[in-house]
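Note that this is a predicted model, so its numbers are computed, not measured. Remember, it's 1-based here, ligands and their atoms both numbered in the order they're listed.
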Amino acid sequence: MLVRGGTGADVPGPPSLSELEHLPAAAVLPLGELDGRRCVAVALELDPAGDEEDPTGPGSREIPGGLAPAGLRELFARLGDGPLLQMVVRASEMVEWYLAHAFCGRCGGPTVLSEVEMARACAACGTLHFPRISPAVITLVHRGREVLLARNRGFRAGFYALVAGFVEAGETLEQAVHREVGEEVGVEVDELEYFGSQAWPFPSQLMVGFFARYAGGEIRVQESEISEARWFHVDRLPAPQDRPAPYSIAGRLIQGFLDRHRSG
Ligand SMILES: [Zn+2]
């Protein structure tokens, strides 16, 4: 995402539309209002490396001065929770949806942006393709003052996180929690407690967080996904850099567990 104030400690801000007008864009998508100003997502066709041979002329696809690219995770960390971050998330998910639905998934025909609702409409069969959100559950399993953390195969050494996975077709959120915990770490849980949710644009998840009480079984990891899972006492958790960042719902679940138990 292009932001003003791309590096350093200052809070990044959005570009204005006039700064982007001369750039090639695949789409301009309405996002709603922020502080009384109309916001749009512009899906730019840029060449961030600046090394593409561009027939339309030198420099035309380069990033405008004063703006710099910033990763989504970086923006989560730098913007904090608030309406601007929410707009960033919405912009990312809308552009992802727009680019992924150029053709109808039902008949293969080309789609066009609907003029009456936020959808891409198939010109051939009329099917509407709306922005797609994928629900996923993330669960903090607790046993007294211990919490169950797991290492995914792709994690760097020493990093632990919570059990998480997509909700499957036909499932409730609660069923997904029981299934995911059972599949990934082999234990049973009860007393599910809703914690909160978070839009997570990697690319378009809705993360739904739960606390769940350990109810039985031995840890047995799903080896295709998880390399290790173990109990951590609340006073001996992995260091903050070795567990989910505080801006993620996983980090907030762990902080919520700490707040409940650390003082006794
Ligand atoms: Zn179609």
Side-chain angles (χ1 to χ4, degrees), residues 1-2 14-15 17-34 37-49 52-56 60-61 63 69-73 75-76 83-138 154 164-177 179-180 183 197-209 224-225 249:
M1 201 156 285
L2 289 186
L17 193 52
S18 61
E19 289 174 285
L20 308 175
E21 265 172 354
H22 63 289
L23 295 171
V28 178
L29 305 167
L31 297 177
E33 284 199 355
L34 180 65
R37 293 167 69 198
R38 197 169 65 87
C39 297
V40 294
V42 182
L44 294 172
E45 295 171 315
L46 289 184
D47 175 23
E52 184 181 303
E53 281 187 43
D54 184 356
T56 63
S60 65
R61 289 176 179 234
I63 292 171
L72 279 177
R73 284 176 190 274
L75 291 175
F76 264 85
L84 184 55
L85 179 68
Q86 192 176 359
M87 205 55 92
V88 165
V89 169
R90 184 165 164 74
S92 172
E93 295 191 0
M94 294 287 284
V95 168
E96 164 70 20
W97 156 74
Y98 183 86
L99 297 178
H101 291 84
F103 296 94
C104 177
R106 185 166 293 278
C107 78
T111 66
V112 293
L113 197 58
S114 166
E115 284 172 11
V116 290
E117 51 196 333
M118 186 44 66
R120 289 192 76 150
C122 176
C125 78
T127 299
L128 293 173
H129 300 275
F130 293 94
R132 183 76 50 92
I133 305 300
S134 302
V137 291
I138 181 159
F166 287 106
V167 179
E168 292 188 349
E171 254 182 350
T172 65
L173 296 172
E174 293 81 0
Q175 287 167 342
V177 168
R179 180 185 50 74
E180 278 292 337
E183 284 177 1
S197 63
Q198 181 178 44
W200 194 238
F202 303 99
S204 295
Q205 284 96 278
L206 176 65
M207 303 299 297
V208 186
S224 57
E225 267 189 58
I249 193 166

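Within a 6.0 Å radius of CD in Glu19, more than 12 heavy atoms belonging to other residues, nucleotides or ligands are found.
Protein N/O/S atoms closer than 2.8 Å to the Zn ion (ligand 1): Cys104 SG, Cys107 SG, Cys122 SG, Cys125 SG.
A donor-acceptor pair under 3.5 Å links the side-chain atoms of Arg120 to the main chain of Tyr98, judged by distance alone. In this structure, Gln198 contributes its side chain and Ile249 its backbone to a donor-acceptor pair below 3.5 Å.
Between Ile63 and Pro69 there is a side-chain heavy-atom pair separated by less than 4.5 Å. Contact check for Arg38 versus Pro30: no side-chain heavy atoms found under the 4.5 Å cut-off.
Below 30°, between 30° and 60°, or above 60°: for Phe202 and Phe76 the angle between ring planes is between 30° and 60°, a tilted geometry.
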